[in-house]
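Remarks on the structure that follows.
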Amino acid sequence: MSRPGKKRSRATLEDKESPEAILAKSEIQEEEKCTRSAAQERSSKPMGSSKGRATKKETCRSTQESKQAFSHWLMKSEPESRFEKGVDVKFGIEDLKAQPNQTACWDGVRNYQARNFMRDMQVGQEAFFYHSNCKEPGIAGIIKIVKEAYPDHTQFDKKDPHYDSSSTKENPKWSMVDVQFVRMTKRFIPLSELKTHHQAHRGSGGPLKDMALFTRQRLSVQPLREELRSLNEQDEREQ
DNA sequence: GCCAACGTTGGC
DNA sequence: GCCAACGTTGGC
């Protein structure tokens with residue numbers, strides 16, 4: 001597929017447990033994630049980078065910032081028409097739903113951090129689909145990763161708004177994943193509401209205090225903490 | 001349409 | 001390696 005500019009959304013997930021149980025466990029899980037991913041990193045070294053020398057503490061932080069530490073995501077995309085180099089980059093959740101098999105590739109990401117997060121994604125993980133640059137920004141639905149990262153073909157397409165002349169087929173610079181529609185959230189969750197929570201949590205030390213949507217505002221693919229997902233489940237249950 | 005935030009580029 | 005210029009993101 002080729003979805004021209006999608007890029008930002010977030011993910012949430014399904015879990016069989018109650019939101020309360022998840023919430024209660026979230027701190028512990030955070031610890032376990034650190035430990036586990038540090039171990040995984042040691043045993044299965046991806047070829048990629050051996051960038052950052054890391055102390056113990058940093059190992060934990062860096063893995064949280066990267067792969068296996070996260071199982072949910074937020075991915076942003078624009079649901080309203082906007083033309084980039086003559087091409088409409090509109091791609092809302094309804095557009096995803098309309099695709100064959102309700103599946104599309106998430107092409108067009110041209111930010112290293114966002115790309116790296118996509119490379120960390122694993123099949124089966126879920127993400128929130130966030131509508132950006134539109135009248136009503138916010139979380140519209142839930143999608144899941146159905147194909148792990150592979151080269152984004154649009155980087156080689158001169159006609160594509162996201163063509164990158166500096167990338168080669170031998171060593172592609174940009175990646176994409178395939179995503180599939182899962183469902184709409186029970187209600188649209190506007191940015192304003194997320195912001196309210198974020199601000200409250202900044203004061204109280206709550207779980208959304210460092211939500212990437214606000215702390216890294218231009219990042220179109222971002223990891224999601226367990227807590228937001230839990231809060232959403234709880235919210236949906238109360239409907 | 002404005003513009004703040006912030007990532008990237010390139011001269012030095 | 002610094003940093004100013006520039007381009008993009010994305011809320012409003």
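What you see is a predicted model, and the numbers here were worked out from it, not measured in a lab.
Annotation for A:His198: atom NE2 counts as buried by contact number, over 12 foreign heavy atoms lying within 6.0 Å.
Considering only the side chain of A:Arg82, C:dT9 comes nearest among C:dT9, C:dG11, B:dA5. Candidate nucleotides C:dT9, C:dG10, B:dT8 were compared by shortest atom distance to the side chain of A:Tyr112, and B:dT8 ranks first. Closest approach to the A:Ser220 side chain among C:dG10, B:dT8, C:dG11 is made by C:dG10 (side chain taken as heavy atoms from C-beta onward).
Between A:His131 and A:Phe129, the ring planes lie perpendicular to each other; the angle is over 60°, past the 30° to 60° tilted range. Ring geometry for A:Trp106 against A:Phe91 counts as perpendicular: the plane angle is over 60°, on a 0 to 90° scale with 30° as the lower cut.
Rounded to whole angstrom, the span from the NZ atom of A:Lys85 across to the C1' atom of C:dG7 amounts to 11 Å. One interatomic measurement links the two molecules: NZ of A:Lys135 to C1' of C:dG10, which rounds to 14 Å at whole-angstrom precision. Note: CG (A:Asn111) to C1' (C:dT8) measures 10 Å, nearest angstrom. Between A:His131 atom NE2 and C:dG10 atom C1' the separation is 14 Å, expressed in whole Å. Between the CG atom of A:Leu213 and the P atom of C:dG10 there is a distance of 9 Å, given to the nearest Å. Between A:Phe214 atom CZ and C:dG10 atom P there is a gap of 13 Å when expressed in whole angstrom units. What separates CZ of A:Arg216 from C1' of C:dG11 is a distance of 20 Å, to the nearest Å. In this structure, A:Asn133 places its CG atom 12 Å from C1' of B:dG1, rounding to the nearest Å.
A cation-pi geometry, defined here as NZ or CZ lying under 6.0 Å from the six-membered ring centre and within 45° of its normal, does not hold between A:Lys195 and A:Phe214.
For the OP1/OP2 pair of C:dT9 and a distance below 4.0 Å, the side-chain nitrogens and oxygens of A:Tyr130 include no atom meeting the criterion. In this model, the phosphate group of C:dC12 is approached by a side-chain N or O of A:Lys195 to a distance below 4.0 Å at OP1 or OP2.
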